[in-house]
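Ligands are counted one by one from 1 in listed order, and the atoms in each one are counted from 1 as well.
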Amino acid sequence: MKPDLLFPYRLYLVISEADCQGRDPLWVAEQAILGGVDIVQLREKQLDTDAFLLNAARLKAVTDRYGVPLVINDNLAVAVQLGAWGIHVGQRDLPPSLIRKVWTDGCSVGYSIEQPEQLYSKETEASDYLGISPVFSTATKTDTIIEWGTDGIRQIRQRTSKPLIAIGRMDRTNAADAIRAGADCIAVVSAICSADSPRDAAAELKELINNAL
Ligand SMILES: Cc1ncc(COP(=O)(O)OP(=O)(O)O)c(N)n1
Ligand SMILES: Cc1nc(C(=O)O)sc1CCOP(=O)(O)O
Ligand SMILES: [Mg+2]
C-alpha cells in the first residue's frame, strides 16, 4: 500500500537523559539535528511530570531553533502544556482516540503496533503514524512482545498506508533494509545517543536512508 505523505520525516531520534551516557541531552539532540535528524521524541520514563516538563521545555528551545518537531512520549499533560508537535503512545498508554478528544488543536499521534491484529483497531485508525514495535529486540526497551523483523515491516506495509516508523535496534547495519522493506522512517536511541559523535552517526544513518529510498 502506498504510504501517506503527511509524514516527511526520515530519521527520528528518541532521547532521554538516561540514554545519553552522562552527556547533556540538549547537546546530543542538537548534534543529532545538525547531522540530519528531522524529528525528536523525548522519552523520560523515570521523571515526574514537573521534571519531565522542565526537560521538555529546554529541549523544545533547541528543536524550535531548527524547526524540528518535538514529540512527547506517553505524558499527555506534558505534551499539551508544552505545546508539543505530537505525542507517542503504546498499547498500554492513553488511547489515541481519547488523546484526540482532550488535545483538539491538530496534534500528531504516534501509536505502537506490537502484534498483527492491532493494525485493525479503532485506536490505530485514530493515530497518524505507527511505530513497528520492535523491529529487533533491544536492551533499551525490554518489555516488548515479538520481533517484527524486516519481513514484518513488509507485511505491515502491505496492510496500511499510515507512515511506518522502524524502531528497535536500528542502526547503520539494518536501516537501509528497513527502508527498502517499506518503513518511511528509522527511529533510534543507542545508534545516536551512545555514539562518540552523535552528529556523525546521524549523518551516516541519514545518508544510508536517503540512498535506500
Ligand atoms: C516511534 C516510537 N515507536 C514506538 C515507541 C514505543 O512506545 P510504547 O510502546 O508506548 O513504549 P514506551 O516508549 O512508552 O516505553 C516509541 N516510544 N516511539
Ligand atoms: C523507545 C523504543 N520503543 C521500542 C519499541 O519496540 O516499541 S524499542 C525502543 C528503544 C529503541 O532503542 P534502540 O535504538 O537503542 O534499540
Ligand atoms: Mg508508551
Side-chain angles (χ1 to χ4, degrees), residues 7 9-21 25 28-29 32 37-47 49 52 56 59 68-79 84-96 98-99 107-116 118-119 121 123-124 126-150 152-153 156 160 162-175 178-179 183-195 198 201-202 204-205 208-209:
F7 190 92
Y9 313 108
R10 298 294 183 187
L11 181 56
Y12 190 147
L13 173 65
V14 180
I15 193 167
S16 76
E17 204 167 340
D19 289 318
C20 287
Q21 322 282 330
V28 173
V37 158
D38 32 32
I39 181 167
V40 176
Q41 178 189 138
L42 184 58
R43 177 176 179 264
E44 291 293 3
K45 306 298 278 189
Q46 322 286 352
L47 302 183
T49 291
F52 194 167
L59 181 57
V68 165
L70 179 61
V71 176
I72 296 298
N73 179 264
D74 290 351
N75 192 319
L76 182 59
V78 169
W85 179 83
I87 186 166
H88 188 96
V89 289
Q91 298 288 327
R92 290 165 292 285
D93 298 318
L94 283 179
L98 178 65
I99 291 170
C107 63
S108 174
V109 182
Y111 191 46
S112 304
I113 297 296
E114 297 180 297
Q115 303 201 71
Q118 293 166 355
L119 266 180
S121 75
E123 299 309 335
T124 299
S127 66
D128 293 300
Y129 65 88
L130 305 176
I132 302 178
S133 172
V135 177
F136 301 115
S137 60
T138 171
T140 311
K141 175 174 162 67
T142 53
D143 60 342
T144 52
I145 300 173
I146 57 158
E147 276 190 330
W148 286 98
T150 36
I153 299 175
I156 297 176
T160 180
K162 290 201 189 276
L164 300 179
I165 319 303
I167 189 164
R169 216 189 329 137
M170 299 309 302
D171 60 22
R172 60 199 291 280
T173 68
N174 54 27
I179 294 289
D184 300 288
C185 178
I186 303 295
V188 304
V189 177
S190 313
I192 289 179
C193 292
S194 300
E204 184 182 18
L205 280 167
L208 288 163
I209 292 166

Review point. Is there a donor in the side chain of Ser194 and an acceptor in the side chain of Gln21, or the other way round, less than 3.5 Å apart?
Key: yes
Review point. Would you say the side-chain atoms of Ser190 and Asp171 include a donor-acceptor pair closer than 3.5 Å?
Key: no
Which of the numbered atoms in ligand 1 are below 4.0 angstrom from a heavy atom of [X]?
| X | answer |
| --- | --- |
| Gln41 | 1 (C), 2 (C), 16 (C), 17 (N), 18 (N) |
| Val89 | 10 (O) |
| Ile167 | 2 (C), 3 (N), 4 (C), 18 (N) |
| Gly90 | 8 (P), 9 (O), 10 (O) |
| Gly131 | 3 (N) |
| Ser112 | 4 (C), 5 (C), 6 (C), 7 (O), 8 (P), 9 (O) |
| Asp74 | 10 (O), 14 (O) |
| Arg43 | 12 (P), 13 (O), 15 (O) |

Revision key, fill the gap. Ligand 2 to Val188, heavy atom cutoff 4.0 Å, flagged ligand atoms 14 (O)
Review point. Hey, which atoms in ligand 2 end up nearer than 4.0 Å to a heavy atom of Thr140?
Key: 10 (C), 12 (O), 13 (P), 15 (O), 16 (O)
Among all protein heavy atoms, pick the one closest to [atom] and tell me residue, atom and distance.
| atom | answer |
| --- | --- |
| atom 1 (C) of ligand 2 | Arg43 NE, 3.4 Å |
| atom 11 (C) of ligand 2 | Val189 CG2, 3.8 Å |
| atom 12 (P) of ligand 1 | Lys45 NZ, 3.4 Å |
| atom 2 (C) of ligand 2 | Ile167 CD1, 3.4 Å |
| atom 15 (O) of ligand 2 | Ser190 OG, 2.4 Å |
| atom 16 (O) of ligand 2 | Thr138 OG1, 2.6 Å |

Would you say [X] has any N or O atom under 3.5 Å from an N or O of ligand 2, going by distance alone?
| X | result |
| --- | --- |
| Ser133 | yes |
| Lys141 | no |
| Pro134 | yes |

Check your understanding: Between Gln91 and ligand 1, is there a nitrogen or oxygen pair with a distance under 3.5 Å?
Key -> no
Practice item. Kindly confirm or rule out an N or O of Lys141 lying under 3.5 angstrom from an N or O of ligand 1. Key: yes
**Study point:** Heteroatom of Asp74 nearest to the Mg ion (ligand 3) (N, O or S, atom name)
**Key:** OD1
Review point. How is the N/O/S atom of Asp93 that comes nearest to the Mg ion (ligand 3) named?
Key: OD2
